[in-house]
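Heads up, the thing below is written out as structure tokens.
Please read all numbers here as calculations on a predicted model, not as lab measurements. Hydrogens, waters and symmetry mates are skipped; everything else that's a heavy atom, side chains included, is used.
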Amino acid sequence: MNKSNHTVSEFLLLGFPDVTGFRAIILFTAILLVYIVTLMINSMVMVLVSIKPQLHSPMYFFLQQLSFSEFVFLTIVIPNMLHVIWLEGATISVRSCIIQAYLYCASGCTECHLLTVMAYDRYLAICRTLHYHTIMDTRLQKILVIYCWFCGPYVINHFFCDLAPFVELTCSLKTELKLMILIGAVPIMVIPFISVIISYLCVFITILGISSAKGRKKTFSTCSSHLTVVTMYYGTLNTIYMVPANGDTLTLSKLLSFLYIAITPLFNPIIYCLRNQEMRAVIEKLFRVTNNRCNAILKTKLVT
């Protein structure tokens, strides 16, 4: 920490103070593997949606944007997290900390709004089936996506510049800052969350109105993946920011932050790939073609 005339130029990120030595190497390796696998899976989703005509629909277009959002979200936090874990604590300049906190919040807001847009898409597909393609045309898809994107110790007991511990460092106006954040969360989190609930209430009412059990199951399967992702997203997010992170709960808060930042983006595309028939069929075909090509190349080399 450098101080000059009481001006702070750096913060110290503690990371996981209790994890040192060999345990820190294991944690570093595990997070690095999760990071690489998550980037690969999300990249695969983005590429498949771009090149496969059967995936050129609004639902997969928004899924592609969600994968890109998570790609950016991970890259903002994980490399610096690995740096902090490897060094068992590292400094970060005030400017870099503010930039990271801003980008983290911005990408989190983008993901939140994308999930809301995807819920609206499912509402139109199930409740307004006949008018779905008329309403959810290419122009509206692009508009919706553009909307989505666009005095204490100077030590942060966290592995990145999260907003909550950052605010705790302020020597004055702490209550006012927390109030501003709470007010700002209304259009960013609360309204999208209410919109998701309303969309799914309409969806469930429509599903219950379907006479056959097979029809209800088939219709529900089209939105079950998104519903699972939304539950994971808001569940971890509300737990992180609604529960006070101090004392004994600080370690739990950091663990939940890690789950939200690293594990959720890993599971999201996996859930969509496993629970969606079209996506699963494309992936199976891709692996089958790749396997056949590898076998053909291997046979050619054996013959020669």
**OP:** Calculate, to the nearest 0.5 Å, the distance between atoms CD1 and CD1 belonging to Ile198 and Ile191 respectively.
**Re:** 10.5 Å
Subject >> Partner residues of Glu70 under the side-chain hydrogen bond (donor to acceptor under 3.5 Å, both in side chains) criterion, sequence neighbours left out >> reply: Asn268
Subject >> With sequence neighbours excluded, residues passing side chain to side chain contact (heavy atoms under 4.5 Å, CB included) with Ile210 >> reply: Ser212, Arg216, Thr219
**OP:** Examine Leu63 and Ile143 and state if one hydrophobic cluster contains both, with Ile, Leu, Val, Met, Phe, Trp and Tyr joined whenever side-chain heavy atoms are less than 4.5 Å apart.
**Re:** no
**OP:** Please round to the nearest 0.5 Å and tell me the distance separating atom CG of Asn292 and atom CZ of Phe287.
**Re:** 13.5 Å
Subject >> Rounded distance (nearest 0.5 Å) linking atom CD1 of Ile78 with atom CD1 of Ile36 >> reply: 11.5 Å
Original post:
In Å and rounded to the nearest 0.5 Å, what is the OH to CD1 distance from Tyr200 to Ile205?
Top reply: 14.5 Å
**OP:** Mind checking side chain to side chain contact (heavy atoms under 4.5 Å, CB included) for Lys285 and listing every partner two or more places apart, or none if nothing turns up?
**Re:** Arg288, Val289
Output a table of donor-acceptor pairs, distance under 3.5 Å, between side-chain atoms of residues 24-33 and any protein atom two or more places apart or on a different chain; print 'none' if there are none.
{"residue": "Thr29", "atom": "OG1", "partner": "Ile25", "partner atom": "O", "Å": "2.8"}

Original post:
Can you name the residues that form a ring pair (Phe, Tyr, Trp, His ring centres under 6.0 Å) with Phe71, not counting sequence neighbours?
Top reply: none
**OP:** Apply side-chain hydrogen bond (donor to acceptor under 3.5 Å, both in side chains) to Tyr60 and list each qualifying residue two or more places apart in sequence or on a separate chain.
**Re:** Asn276, Glu278
Subject >> Partners meeting side-chain hydrogen bond (donor to acceptor under 3.5 Å, both in side chains) with Thr206 (sequence neighbours left out) >> reply: none
**OP:** Determine, stepwise, if the pair Phe73 / Thr110 fulfils side chain to side chain contact (heavy atoms under 4.5 Å, CB included).
**Re:** CA-CA 10 Å; Phe73 185 73; Thr110 299; over 6 Å; no
Original post:
Taking only residues two or more places apart in sequence or in another chain, which ones pass side-chain hydrogen bond (donor to acceptor under 3.5 Å, both in side chains) with Thr38?
Top reply: none
Subject >> Within-4.5 Å side-chain heavy-atom neighbours: Phe193 and Val230 >> reply: no
Original post:
What heavy-atom pair brings Val229 and Leu115 nearest, and what distance separates the two atoms?
Top reply: CG1-CD2, 3.7 Å
Original post:
Quick one: NE2 on His226 to CG on Leu114, what's the gap to the nearest 0.5 Å?
Top reply: 9.0 Å
Subject >> Glu111 side, atom CD; Phe68 side, atom CZ - distance, nearest 0.5 Å >> reply: 13.0 Å
Subject >> Connected-component partners of Val47 among ILVMFWY, side-chain separation under 4.5 Å >> reply: Ile51
**OP:** Take Phe220 and Leu227 through the side chain to side chain contact (heavy atoms under 4.5 Å, CB included) test and state the conclusion after the steps.
**Re:** CA-CA 10 Å; Phe220 180 73; Leu227 189 59; 4.1 Å; yes
Subject >> Phe62-Ile135 co-clustered via ILVMFWY side chain contacts under 4.5 Å >> reply: yes
**OP:** Decide yes or no for Tyr35 and Thr75: does some side-chain heavy atom of the first lie under 4.5 Å from some side-chain heavy atom of the second?
**Re:** yes
**OP:** Would you mind listing every side chain to side chain donor-acceptor pair (under 3.5 Å) that reaches into residues 42-56, with sequence neighbours excluded?
**Re:** Asn42-Ser67, Ser50-Gln64
Original post:
Side chains of Leu140 and Asp137: closer than 4.5 Å at any heavy-atom pair?
Top reply: yes
Subject >> Contacts of type side chain to side chain contact (heavy atoms under 4.5 Å, CB included), residue Thr290, not counting sequence neighbours >> reply: Leu286, Cys294
Please set out all donor-acceptor pairs under 3.5 angstrom arising from side-chain atoms of residues 117-128, sequence neighbours excluded.
{"residue": "Asp121", "atom": "OD1", "partner": "Tyr132", "partner atom": "OH", "Å": "2.5"}

